[in-house]
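Read through the structure below, which is laid out as structure tokens, and then see the notes.
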Amino acid sequence: MLSAAPASAADSDWLTAREAFRKADDAALARATQAMQDSALAAYGESWLLWRRLKDAPAAEIRPFLAREQGSYVAERLRSEWLRQLARRPDWALFRQEYAQLQAEPDVELQCMKLQADIEAGDFAALPAAKAWLWMTAKDQVAACDPAMRAMQARGIVTEEDRWQRFRLALDANAAGLARFLATSLGFELTAAQQKSLQDQPDAYIKQIDPARREQRELAAWAYGRWARVSPDSALTHLEVKADELGPQAALAWRQLAMAGARRFDPAAETWFARSDSAPWTDVQRETRLRQLVRFANWPAWLAQYDQLPANLRDSRGWQYWQAQALLFRAQQKDTGKAQAQTDNAGARRLLARLSADDDYYGLLALEQLGQALGPLSKPVQINDDDRARLARHAGFQRAFALRRLDQRWESASEFNWAVRTADDRLLLAAAQQADELGWHDRAIYAAERTKTLHEPRFRYLSPYREVTRGYARDMGLDEAWVFGLIRQESRFVTVARSSAGAGGLMQLMPGTAQWVANRLGIPYHAAIVNDIGQNVRLGTYYLNHVLTELGHPVLATAGYNAGPRRAREWQGDAALDATRYIESIPFGETRDYVKKVMTNAVHYARAFGQDGAHLRERLGTVPGRALTPIEGP
């Protein structure tokens, strides 16, 4: 049994050292660091003492610590901060030497500082490749990126058309400030008032443009998308008459109409996508088009568009799965020659076999399509004394556990995640076991998910609080495996988890939802109720059952739990639809991914619990056509 020991006195000195560091009290920091000498966290005190001197310290003072702690999270953080100080001096030669010692991909600021260091050394080789992440984005970049962006423009790596493309990205992302800045760089003014008018009254703007001015054609093309959201027929009729006046920007306008149409699953959207082919594509637009084609099972067009994908998208597991479906469809058509049908069938089976090597959403679908099923659970991996001893000697994991005992959630998780990067399977499972025994369930899952060959479902699919969850699931008539699959995705069993939107607890209930359910159950509501395990699961299972009753299908209920039941219904068709196609065409990326993972989790939990229902396709089934009854509740 791995011990969940309380924090030691030496570990507790970490809190004193951190406070002294934050207050810039060097004397107190030195005393606390001395007191930490026997702690697993001793390296923190030493790193903080050096951190205080990074602005002026010579390399000979910093490098011995970095060499001794090479590969550790503490060293990585110190080296990253030192690099920032070297850039500010600037000492570009030393910066380039130390940058090469980083163990993980640095943040954007450091990457841009490295580009500047290269530029100062007369090395421009990295600039073309950096264009994709540095320029082709709707994000405002940090000031450290300015020299690299100026160099890209000066050397013709970023062209005027690239500036227009980034301007369009900013408009699509509602990055108002960036759009105004880019407009200025393109030689025209775009005020905040004009932006608001474009959003609120796009038809009025379109009808008064001067077609001789490119900026007005560009803005009109974008405004067609806004117009199509509120009055698609009017926007379409107007564009068909006025397209010639927009010149090359007409294709951009058709793209905006197509994107708006795809959001509401308009079958005509593919026609508008086709009329926009001459305009440059973003990855989001390409994938939206593919999802629209999946929705309507337009496999010939899907295969044609798949061939146009860049490699990073073409090789994704999701598109490989749908490529297999498209090939199988083509092989079955009467006008497909025998040789082509054999090639397509063989190609589809190769894709499915490759996908089935993993047990994620697409892996399970592929496995079942090949006529196979998940086998019985393997015998649990036994963590032995050698594994425990290795874990006890691993400085990174021991720092993580020490910080966890000090209730330092962010720092402990960061240390743990860093240690996972280079651990082998047995060490990962030993760490998962100790994390689980500490009640650190999300990190136990995190470690167990990253094994290469030695997989352990009891850590990947933990079921803490099962007595509570099973009881409430039974009371609500819900499938226990589905409830656990949802909790695993919502919170990873962190009882105090809180989302950026304000949802809390195991089942991530929004305050308004929790209050609505509490009122229905006659429970006095207070904000802390969502962090009580029993009450959270009681409220959450009630609401999940309510959504299931309103929508009538677990896939819809899963989507509705995440994005709201009204949206889940809006995404239904008028007729029944294979659930895999419904899921793939969900327009919200977060919800689309959420439904896939919850339903996949449910299969694994059913298997772990010895229940029926360990077949994903059976769980997914067919989503019924849209009902017209109003939805009650939040």
Side-chain angles (χ1 to χ4, degrees), residues 1-5 40 69-76 103-105 315-317 353-364 366-367 372-404 412-464 484-485 488-489 492-494 596-597 600-601 603-609 614 616:
M1 188 73 162
L2 296 172
S3 172
E69 297 292 333
Q70 177 71 10
S72 73
Y73 176 69
V74 178
E76 188 82 353
Q103 303 294 301
E105 182 176 314
D315 295 338
S316 71
R317 289 178 62 77
R354 187 185 311 153
L355 292 169
S356 69
D358 202 347
D359 62 0
D360 63 356
Y361 175 79
Y362 294 110
L364 293 183
L367 189 72
Q372 303 171 36
L374 284 170
L377 289 173
S378 58
K379 186 178 180 181
V381 178
Q382 296 302 314
I383 306 302
N384 60 36
D385 290 342
D386 287 343
D387 300 325
R388 296 184 186 93
R390 288 178 62 213
L391 183 64
R393 292 193 302 268
H394 194 286
F397 280 122
Q398 292 312 307
R399 280 194 290 265
F401 291 128
L403 288 165
R404 170 70 179 181
S412 60
S414 297
E415 274 281 9
F416 191 94
N417 296 353
W418 186 263
V420 160
R421 292 169 57 255
T422 54
D424 60 52
D425 284 2
R426 295 202 67 88
L427 186 58
L428 286 171
L429 294 180
Q433 182 174 330
Q434 181 162 350
D436 184 36
E437 291 173 358
L438 285 169
W440 205 6
H441 305 305
D442 63 322
R443 292 309 90 191
I445 293 170
Y446 183 84
E449 282 186 323
R450 280 154 180 79
T451 56
K452 302 295 190 299
T453 59
L454 198 62
H455 303 310
E456 182 49 271
R458 65 189 168 118
F459 296 136
R460 291 179 69 192
Y461 297 97
L462 291 170
S463 53
F484 264 100
R488 185 184 188 273
Q489 186 59 26
R492 288 293 200 271
F493 305 101
V494 177
K596 293 174 187 176
K597 289 181 176 177
T600 302
N601 290 346
V603 168
H604 289 290
Y605 276 111
R607 182 176 178 233
F609 296 160
L616 180 57

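Every value quoted in this text rests on a predicted model; they were computed, and no experiment measured them. We're numbering straight along the sequence, starting at 1.
- Separation of atoms CD (Q382) and CG (L429) is listed at 11.0 Å; rounding is to 0.5 Å.
- Side-chain atoms of D425 come within 3.5 Å of backbone N or O of T453 as a donor-acceptor pair.
- At least one donor-acceptor pair closer than 3.5 Å links the side chain of Q398 to the backbone N or O of L391.
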### Query
Step by step, would you call E456 with L428 a side-chain contact (heavy atoms from CB on, under 4.5 Å)?
CA-CA 10 Å; E456 182 49 271; L428 286 171; over 6 Å; no
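- How far CG of L374 is from CG of L367: 6.0 Å, rounded to the nearest 0.5 Å.
- With hydrogens and angles disregarded, a donor-acceptor distance shorter than 3.5 Å links the side chain of Y605 to the backbone of L462.
- Shown here for A435 and A444, the closest heavy-atom pair between the two residues is CB-N, 3.8 Å.
- Between the side chain of R388 and the backbone N or O of I383 there is at least one donor-acceptor pair closer than 3.5 Å.
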### Task
Please lay out, stage by stage, how Y361 and R317 fare under the test side-chain contact (heavy atoms from CB on, under 4.5 Å).
CA-CA 10 Å; Y361 175 79; R317 289 178 62 77; over 6 Å; no
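- Here the side chain of E415 pairs no donor or acceptor atom with the backbone of Y73 at under 3.5 angstrom.
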### Message
Would R607 and Y461 count as a side-chain contact (heavy atoms from CB on, under 4.5 Å) here? Give the steps.
### Response
CA-CA 10 Å; R607 182 176 178 233; Y461 297 97; over 6 Å; no
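- To the nearest 0.5 Å, the span separating CH2 on W440 from CZ on R404 amounts to 6.5 Å.
- A cation-pi arrangement is present between R443 and Y446 under the rule of less than 6.0 angstrom and at most 45 degrees off the ring axis.
- Tested against V381, the residues T451, D387, L454 include a single side-chain contact (heavy atoms from CB on, under 4.5 Å) partner, L454.
- When all heavy atoms are compared, the tightest approach of S72 to R399 is CB-NH2, 3.2 Å.
- A distance of 11.0 Å separates CG in D442 from CZ in R488, rounded to the nearest 0.5 Å.
- Remark: side-chain polar atoms of D436 are not paired, donor with acceptor, to backbone N or O of A432 under 3.5 angstrom.
- By the 30° and 60° cut-offs, the orientation of the rings of F397 relative to F416 is perpendicular.
- If you take CG on D360 and CG on L355, they are separated by 8.0 Å, rounding to the nearest 0.5 Å.
- A pairwise comparison of heavy atoms in S356 and A366 identifies N-CB, 4.1 Å as the closest pair.
- The CZ atom of R458 sits 13.5 Å away from the CZ atom of R460 when rounded to the nearest 0.5 Å.
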### Query
Given D386 and R426, is the side-chain contact (heavy atoms from CB on, under 4.5 Å) satisfied, shown in steps?
CA-CA 10 Å; D386 287 343; R426 295 202 67 88; over 6 Å; no
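- Under a 3.5 Å cut-off, the side chain of H604 and the backbone N or O of D359 do form a donor-acceptor pair.
- Between L438 and F401, the shortest heavy-atom contact is CD1-CD2, 3.3 Å.
- Between E76 and R421 there is no salt bridge, since no side-chain N of the basic residue sits under 4.0 Å from a carboxylate O of the acidic one.
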